[in-house]
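Have a look at the structure below before the remarks.
Order of listing sets the numbers, starting from 1, for every ligand and every atom in it. All heavy atoms count here, side chains included; hydrogens, waters and symmetry mates do not.
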Amino acid sequence: MKRIGVILAAGGGTRMGNVSKAFLPCGAFSVLERALMPFLQDEATERIIIATSPSDYPSVVTVAERYDKPVTVIIGGATRSESSFLALKAAAEQIGEKELSNYIVAIHDCARPFLTAGLLDRVCRGAEVTGGAIPIVEVTDTIRTAEASLDRKSLYAVQTPQAFNLKTLLDAAKADGGSYTDDATLFERQGGKLRMIVGDTSNKKLTYSSDLPYYGAVRVGIGEDIHRLVEGRELILGGVRIPYYKGLDGHSDADALLHAVMDAILSALSLGDIGEHFPDTDPSYEGVSGVFLLHEVKAMMEAQGYSVQNVSAVVTAQEPKLSPYRKELEESLAALLDIQPEDVGITFKTAERLGVVGEGKAVAVSAIVALIEE
Ligand code: MG
């Protein structure tokens, strides 16, 4: 069956501090543009009607004109059901009375910008079977009345889009006189049998400004280091002491993994490198631990308003075998950077006996970090 999408965007956003939700930023797009996307992607959806407020009308028209698919903008009513009824009537005018029963109308709240084309399609297909379908998700919070808590197993939260046969819903709305609060209730009140579709927990409704996802800037940096492997030194990598008869040589503790990570962080923020900040000509850095230096670098990063999102590193060593220490190294690095161990990935390679690393004379590390703006 052919489809028509209705986006309800006439709400006042009183719980958002009276700002229009439709034009709040949601990543690179506005909430309205995000809400439109699945309807634009869905091939069966022929046209879209947006019900908006008088104040938002000009801006919504500007958005609607951008697309190849016909998008009509109407001024909604004082309540959600009024807006929905006006949109249904506008749809009927566009399609013509005779065609109404051949259409599924999917009514969606603009404030749910994370709808996928997949869920839209499933709900519309459900409506083809029984005339009406709604997406529902299990309730995770305990819900109670003042007297007692309710059995969570029998409770569901209803999402949008809610899809119906256009003729059935319009007839029901006309019979009801527009007093209903919700399209699904109206459909059921007029004897319709609703089909329940498994919704999507990410299809969240933006109610409070804190519901808006945060999209801070992400910066990526790369760092490398290599140190000689010599006798008479401790082998320290990622702040972990690894039992071996050789260790890494250098002015500091020569923790090549931490050095590479530090350079990656500094590089991501265009803050130079560790050679510049902690010169090996400065005696105060003699034997200094990588852990101490990382602490300093982390403070510099935080002063710029960033934190580490994840770290990925490659440690190349012909000897010793380091993979048994993976978990310990990842946990240590995570603790030092204030992130979770699953946000650290370290891989270990030999150099296939090629070059200085392959001859067991050195250990080399490459690291990449992603930093996120707080
Ligand atoms: Mg170094």
Side-chain angles (χ1 to χ4, degrees), residues 219-302 306 308 310-323 325-326 328-339 344-351 354-371:
R219 299 184 70 114
V220 176
I222 185 166
E224 292 192 341
D225 199 20
I226 184 164
H227 280 270
R228 261 173 223 285
L229 196 56
V230 297
E231 285 186 39
R233 291 273 297 184
E234 282 191 315
L235 178 56
I236 297 166
L237 279 173
V240 175
R241 188 163 288 127
I242 292 163
Y244 194 55
Y245 76 103
K246 288 183 190 171
L248 296 178
D249 194 22
H251 182 67
S252 63
D253 70 353
D255 187 329
L257 176 55
L258 292 193
H259 291 181
V261 169
M262 282 187 266
D263 268 349
I265 292 171
L266 292 170
S267 176
L269 297 169
S270 190
L271 288 176
D273 56 41
I274 52 170
E276 182 187 330
H277 291 285
F278 317 110
D280 59 8
T281 49
D282 184 340
S284 63
Y285 294 120
E286 173 131 28
V288 69
S289 76
V291 170
F292 173 82
L293 297 181
L294 180 62
H295 199 70
E296 300 284 298
V297 167
K298 189 165 163 275
M300 281 187 243
M301 170 188 75
E302 285 164 355
Y306 281 82
V308 175
N310 76 302
V311 181
S312 171
V314 184
V315 178
T316 309
Q318 196 65 45
E319 59 174 75
K321 192 170 171 54
L322 293 167
S323 54
Y325 299 96
R326 183 196 316 271
E328 212 178 326
L329 263 56
E330 287 178 350
E331 281 173 356
S332 168
L333 205 44
L336 292 170
L337 293 167
D338 265 339
I339 55 179
V344 179
I346 304 175
T347 54
F348 299 95
K349 311 290 284 181
T350 69
L354 295 165
V356 287
V357 176
E359 288 164 18
K361 291 178 180 167
V363 173
V365 182
S366 301
I368 286 183
V369 299
L371 309 185

Exercise. Can you name the N, O or S atom of His227 that is closest to the Mg ion (ligand 1)?
Worked result: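 The atom in question is NE2.
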
For this session: Tell me which N, O or S atom of His259 sits nearest to the Mg ion (ligand 1).
Result: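 His259's closest N, O or S atom to the Mg ion (ligand 1) is named ND1.
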
Exercise. Around atom NZ of Lys361, are there more than 12 heavy atoms of other residues, nucleotides or ligands at under 6.0 Å?
Worked result: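 No.
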
Exercise. Would Asp225 count as a contact for the Mg ion (ligand 1), in the sense that one of its N, O or S atoms lies under 2.8 Å from it?
Worked result: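 Of the N, O and S atoms in Asp225, at least one lies under 2.8 Å from the Mg ion (ligand 1), which means yes.
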
For this session: Enter the distance from Ile346:CD1 to Leu329:CG here, rounded to the nearest 0.5 Å.
Result: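 So the gap between those two atoms works out to 4.5 Å.
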
Exercise. Counting N and O atoms only, with roles assigned by atom type, does the side chain of Arg219 sit under 3.5 Å from a partner on the main chain of Ala268, one being a donor and the other an acceptor?
Worked result: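 Side chain of Arg219 to backbone of Ala268: a pair is present.
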
Exercise. Do Asp225 and His259 have side-chain N/O donor and acceptor atoms under 3.5 Å apart?
Worked result: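 Yes, His259 and Asp225 have a side-chain donor paired with an acceptor closer than 3.5 Å.
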
